[in-house]
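These notes are about the structure you will find just below.
Both counts, for ligands and for their atoms, begin at 1 and track the order of listing. Remember, predicted model here, so these are calculated numbers, not experimental data.
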Amino acid sequence: MDHLFYRRVLMATFGLILTAAAGFGGQGAKSGIQKSTFGKMPDGQSIELYTLTNRKGMQVAITNYGGTVVNLIVPDRNGKMADVVFGFDSLEGYLGTEPYFGALIGRYANRIGNARFTLDGAEYKLEANDGKNSLHGGSHGFDKRVWKAKEIAGVEPGLELTYLSKDGEEGYPGNLTATVVYTLTNNNEIKIDYKAVTDRHTVVNLTNHSYFNLAGQGNGDILKTLLMINAAECTPVDATLIPTGELRKVEGTPLDFRQPTAIGARINADDEQLKFGKGYDHNFVLTRKGRGLVLAARAVDPDSGRQLEVYTTEPGLQFYSGNFLDGSVKGKGGVAYGHRSGFCLETQHFPDSPNKPNFPPTDLKPGKTYHEVAVFKFSVAK
Ligand code: BGC
């Protein structure tokens, strides 16, 4: 047997391996975690980017600055990959003012009315960073903090992030240690496990603030995205987006997403709630029996077929249709994020719960563990 024969056999074998690796949506991709430098804090501290890859080639990149999801690369119905979340190419973009792209939000996600609440007879004053209200934990919330990161190697790669929010930080009582674990499963899910403990009675409400465009970030608006939200009720708001305390049926209103409906179908309807939110910016009361993970929402981009399902243990989901985006923020690859070009599905307890005794409680006592889970599952629509 000659040299040429061996070369042919070798090349054929190599070709087979390549085909196997590329086929079936990238089955057989090398899963794992890759760490790179994302930038430096003003004080010189180095910030990292952890890129998690699963066996199907799906990737999620997370930085320990704000525990932020920076890139999320998923296939469409033809196996074509695209990055479906908003963000910046380096740390610098996140250091300026930006609308919480991909970040972990705490100590209290969404709004607290009049930037104050009372606990055990004591009043706590927060920063009013959204008119007279407090939004997303104040202007130096968990999204603006450096988290301690630990890589979790295994069949499914993960990243554990820890942050100690000191007693009095942003006005909140108690030393609160938050531990958030991101896991990328081989079933194309990002699982976010949130835990927190405190040494003093406090309030806590954690979420992730990713902006999605299932056609790919920078690929037009999200108005034709089909959305289903598993909620028969919402918590209507006043003109400053603070819940009135009422649980209102969505039936017969533009907030009824129980059947898949294009986000844009009713977004400009003559409806007081939509006027207050400048579009959708509302908390939905998820339909559930008891605790545990339930399907909260399903979004489908009809062109690419990319589908996102959100599961949560939480009682609520904030659907925000990117109404305050106006193209002034330039993100990854120089993309200008235009009006309603991304949507958020934030798993949460209801906004302003510390001031709403009829809402599920958000207080946490020493000795107890806050524990919530969210799952973002990607697939293609049938
Ligand atoms: C809020 C919006 C806010 C956005 C931050 C959402 O969670 O509901 O009102 O503008 O976060 O950019």
Where is the nearest protein heavy atom to [atom]: which residue, which atom, and how far?
atom	answer
atom 3 (C) of ligand 1	Arg111 NH2, 4.1 Å
atom 10 (O) of ligand 1	Phe324 CD1, 3.2 Å
atom 8 (O) of ligand 1	Asp281 OD1, 2.5 Å

Requested in this report: Tell me, please, which residues at least two apart from Ala336 pass side chain to side chain contact (heavy atoms under 4.5 Å, CB included).
Outcome: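 Ala336 satisfies side chain to side chain contact (heavy atoms under 4.5 Å, CB included) with Lys330 only.
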Requested in this report: From the options Lys278, His209, His282, select the one whose nearest heavy atom is closest to atom 6 (C) of ligand 1.
Outcome: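 Checking each option, the heavy atom nearest atom 6 (C) of ligand 1 is found in His209.
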Query raised in the report: Would Lys80 and Asp76 pass as an ion pair if we require N to O under 4.0 Å?
Result: no
Query raised in the report: Salt bridge check: are Arg116 and Glu123 linked by an N-O gap of less than 4.0 Å?
Result: yes
Query raised in the report: Under 3.5 Å, N or O to N or O, is Asn110 touching ligand 1 that way?
Result: yes
Query raised in the report: In ligand 1, which numbered atoms sit nearer than 4.0 Å to a non-hydrogen atom of Pro99?
Result: 12 (O)
Query raised in the report: Against heavy atoms of Glu346, which atoms of ligand 1 measure under 4.0 Å?
Result: 6 (C), 7 (O)
**Report entry** Any Phe86 side-chain heavy atom under 4.5 Å of Asn213 side chain
**Finding:** yes
Query raised in the report: Are Tyr172 and Tyr124 close enough that some pair of their side-chain heavy atoms sits under 4.5 Å apart?
Result: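 No. Closest side-chain heavy atoms not under 4.5 Å.
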Requested in this report: Check whether the side chains of Ser31 and Arg55 place a donor and an acceptor atom closer than 3.5 Å, and report yes or no.
Outcome: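 Side chains of Ser31 and Arg55: no pair found under 3.5 Å.
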Query raised in the report: Is the closest heavy-atom distance from Tyr211 to ligand 1 below 4.0 Å?
Result: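 It does, in that a heavy atom of Tyr211 comes within the 4.0 Å cut-off of ligand 1.
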